[in-house]
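Written below as structure tokens is the structure these notes are about.
A note on names: the letters A, B, ... follow the listed sequences, proteins ahead of strands, and every chain is numbered from 1. Hydrogens, waters and symmetry mates are skipped; everything else that's a heavy atom, side chains included, is used.
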Protein chains: 2
Amino acid sequence: MGTTQLDTVPEPKYWHLKTVLTDALDSEFAVGEILPNERELAARFGVARATLRQALEQLELEGRLQRRRGVGTTVAPPRMGVAVGERAHSWEDADDAAWQPVDSTETAPPAEIARLLEIQPGALVHTVRRSRVGHGQPIAAELLYVPPASVPGLSALDTPPGAARARAILRELRHVELGGREQSVELGSARADQAKALDRLPGAPVLVVTTRYTAAGHTIAVAVATYRADTCRLTFGDGAGVELLAG
Amino acid sequence: MGTTQLDTVPEPKYWHLKTVLTDALDSEFAVGEILPNERELAARFGVARATLRQALEQLELEGRLQRRRGVGTTVAPPRMGVAVGERAHSWEDADDAAWQPVDSTETAPPAEIARLLEIQPGALVHTVRRSRVGHGQPIAAELLYVPPASVPGLSALDTPPGAARARAILRELRHVELGGREQSVELGSARADQAKALDRLPGAPVLVVTTRYTAAGHTIAVAVATYRADTCRLTFGDGAGVELLAG
DNA sequence: AAGTGGTCTAGACCACATT
DNA sequence: ATGTGGTCTAGACCACTTT
């Protein structure tokens, strides 16, 4: 008696812990500040380290914390708004610094992509790798699949695979008149190569944006972009006043 | 000697486990099939249950598995495509069965929402709760915030709070001419109430879609919809041929 | 060398659904 | 009553960054 007896439906410890930490982050910590290490936090709250970590994991998933091995846990800034539903997402703004071409190869795309491209499974396509940066941080890694038929002006032999070829392909694509675009967003986890590009550990949560570009009723390219889910909020605008949600 | 010595960069066990399980799911299991329980799987792979669970967690995050307490782990069907960027997402299709009005109250919205609505913090707005169902499963829970000024035709006293009021508000909104819409998508975790509506445990990963509806340059409503991240792929279409990505 | 977060173990008990 | 996944513990060791 005398103890609070409200746990008729006992809340998991890590869940309660998360609430407490959220409040603390709102009131007592500034962005960028370093939290006490996990062992000390666990001791302070009287729980096992694994339990404390379960709470931290959720907070990182929600973009409130950033954890780096060997360094520590810091308070994350609010997520940045990233436009993905605009022409700006396309290759038409190759001049601005949002997307950085990395390299280009000729490969057979995954079966799922081949289906979207309406080509034979196993057929070769240009595969352009691009990376996107924001606030000095890597934001997204993209693979752009372009069937040779979509860039007839490109003479593959002119430029060797690599960044130069990537730029050439994007340049050619700018000559194609876009008909439409459809996109989808789903949750995924970063593969090893993506994780490295995004400066995260493998398995980190990512938002996978698949874009299908069409012209004259045909699919001319498919892009699969993986955005860091912890730091990004994807914005889709009508074109009028995107500032508010873009934060 | 004689053992495979390729772990110069030793892959974490749970990561390797995930790969093995993914392959097994692709080749040896059918959708809906029940996996062996966690204790047996852990024993079979020679790892602790916690390690096995780390792999299962990731697979569930990727939508490959579905775990239900007291029941077991089953192979999940491919994610369903859910249209969110269409007029179909709005109240203009109140006739079809996608969205189900639940109830309606008059509350002060969170500060963030008040900012988007361009109203005073603490001011009361109509708050309509809707739920969305697909394939016989709960898909999303939405809170729609509507300032009284946006529905001048509504006499609040006519209908008591509840489902009837919710329908009345949606009906009134259909009279407003929409100017534009902007949306954002980010990763979140389900609060207790949302989790219940989505038939998941608290903390389950969700895709939070925030929509700001405007008319004549002003914000007339803001919707915050939380979609089950494990079962849904959100689709944004141009209006032409959404079938492919919508899967 | 020291300190951090990441991985892993071998248990225990609890909440929930089914039988 | 049984069996399932969910929570929690108290350790240990590893990978990485910084000093």
Side-chain angles (χ1 to χ4, degrees), chain A residues 7-19 21 32-61 64-76 189-190 192 195-196 199-205 230, chain B residues 7-19 21 32-61 64-76 189-190 192 195-196 199-205 230:
Chain A
D7 38 1
T8 52
V9 176
E11 204 175 35
K13 278 190 185 177
Y14 78 92
W15 188 256
H16 179 244
L17 209 49
K18 191 189 122 181
T19 313
L21 285 170
E33 199 167 342
I34 315 167
L35 265 62
N37 71 55
E38 298 183 350
R39 288 158 179 90
E40 178 173 340
L41 278 178
R44 187 178 300 185
F45 287 108
V47 299
R49 190 177 156 219
T51 304
L52 186 268
R53 276 180 62 80
Q54 208 171 342
L56 294 185
E57 244 152 61
Q58 285 234 2
L59 289 173
E60 191 177 30
L61 200 79
R64 302 296 312 261
L65 292 179
Q66 179 148 14
R67 299 190 288 174
R68 273 175 304 172
R69 164 152 56 176
V71 180
T73 302
T74 57
V75 181
S189 52
K196 196 174 172 187
D199 193 23
R200 300 259 59 197
L201 289 180
D230 56 344
Chain B
D7 37 3
T8 52
V9 175
E11 203 175 36
K13 279 191 187 179
Y14 78 92
W15 187 258
H16 179 244
L17 211 47
K18 192 188 123 182
T19 312
L21 286 170
E33 200 167 341
I34 315 166
L35 265 62
N37 71 55
E38 296 184 349
R39 288 157 179 91
E40 178 174 340
L41 277 178
R44 188 177 300 187
F45 286 108
V47 299
R49 191 177 155 218
T51 305
L52 185 268
R53 277 180 62 81
Q54 208 170 341
L56 294 185
E57 246 152 59
Q58 285 235 0
L59 288 173
E60 190 176 32
L61 201 80
R64 301 298 309 265
L65 293 180
Q66 177 147 14
R67 298 192 287 173
R68 273 174 303 171
R69 167 154 49 180
V71 179
T73 301
T74 56
V75 181
S189 51
K196 196 174 171 186
D199 191 24
R200 299 260 61 198
L201 289 179
D230 55 344

Shortest non-hydrogen separation from [X] to [Y] and the atoms involved:
X: A55(A); Y: L21(A); value: CB-CD1, 4.4 Å
X: T51(B); Y: L17(B); value: O-CD2, 4.4 Å
X: S189(A); Y: G203(A); value: CB-O, 3.4 Å
X: V75(A); Y: L65(A); value: CA-CD2, 4.3 Å

Length of the line joining [X]:[atom1] and [N]:[atom2], which is rounded to integer Å:
X: K18(A); N: dC8(D); atom1: NZ; atom2: P; value: 13 Å
X: L56(A); N: dG6(C); atom1: CG; atom2: C1'; value: 13 Å
X: Q66(B); N: dT4(D); atom1: CD; atom2: P; value: 18 Å
X: D199(B); N: dC16(C); atom1: CG; atom2: C1'; value: 13 Å
X: F45(A); N: dT7(D); atom1: CZ; atom2: P; value: 19 Å
X: R53(A); N: dG11(D); atom1: CZ; atom2: P; value: 18 Å
X: R49(A); N: dT7(D); atom1: CZ; atom2: C1'; value: 18 Å
X: E60(B); N: dG6(D); atom1: CD; atom2: C1'; value: 11 Å

(request) Could you check whether L201(B) gets within reach of a base, just the sugar-phosphate, or nothing at all, counting any heavy atom under 4.0 Å? (result) sugar-phosphate
(message) Both N37(A) and L52(B) contact DNA chain C. Taking the nearest nucleotide for each, which residue is further toward the 5' end?
(response) N37(A)
(request) Give a yes/no answer on whether the side chain of Y14(A) brings an N or O atom under 4.0 Å of OP1 or OP2 in dC8(D). (result) no
(request) Give a yes/no answer on whether the side chain of T51(A) brings an N or O atom under 4.0 Å of OP1 or OP2 in dT9(D). (result) yes
(message) So, under a plain 3.5 Å distance rule, would you say the side chain of R39(B) forms a donor-acceptor pair with the base of dG5(D)?
(response) yes
(request) Apply the test side chain to side chain contact (heavy atoms under 4.5 Å, CB included) to residues Y14(A) and E57(A): give CA-CA distance (whole Å), side-chain angles for both, the deciding distance (0.1 Å), then the verdict. (result) CA-CA 10 Å; Y14(A) 78 92; E57(A) 244 152 61; over 6 Å; no
(message) Evaluate R64(A) against K18(A) for side chain to side chain contact (heavy atoms under 4.5 Å, CB included), listing each step before the verdict.
(response) CA-CA 11 Å; R64(A) 302 296 312 261; K18(A) 191 189 122 181; over 6 Å; no
Can you give the donor-acceptor pairs under 3.5 Å from side chains of residues 39-50 of chain B to other protein atoms, not counting sequence neighbours?
unit_1 : atom_1 : unit_2 : atom_2 : d
E40(B) : OE2    : R44(B) : NH2    : 2.7
R49(B) : NE     : E38(B) : OE1    : 3.0
R49(B) : NH2    : E38(B) : OE1    : 3.0

(request) Map P12(A) and E38(B) onto DNA chain D by nearest heavy atom, then report which one ends up closer to the 5' terminus. (result) E38(B)
(request) Give, ordered by number, those residues of residues 67-76 of chain B having at least one heavy-atom distance below 4.0 Å to an atom of DNA chain D; if nothing qualifies, reply none. (result) R67(B), R68(B), R69(B), G70(B), V71(B), G72(B), T73(B)
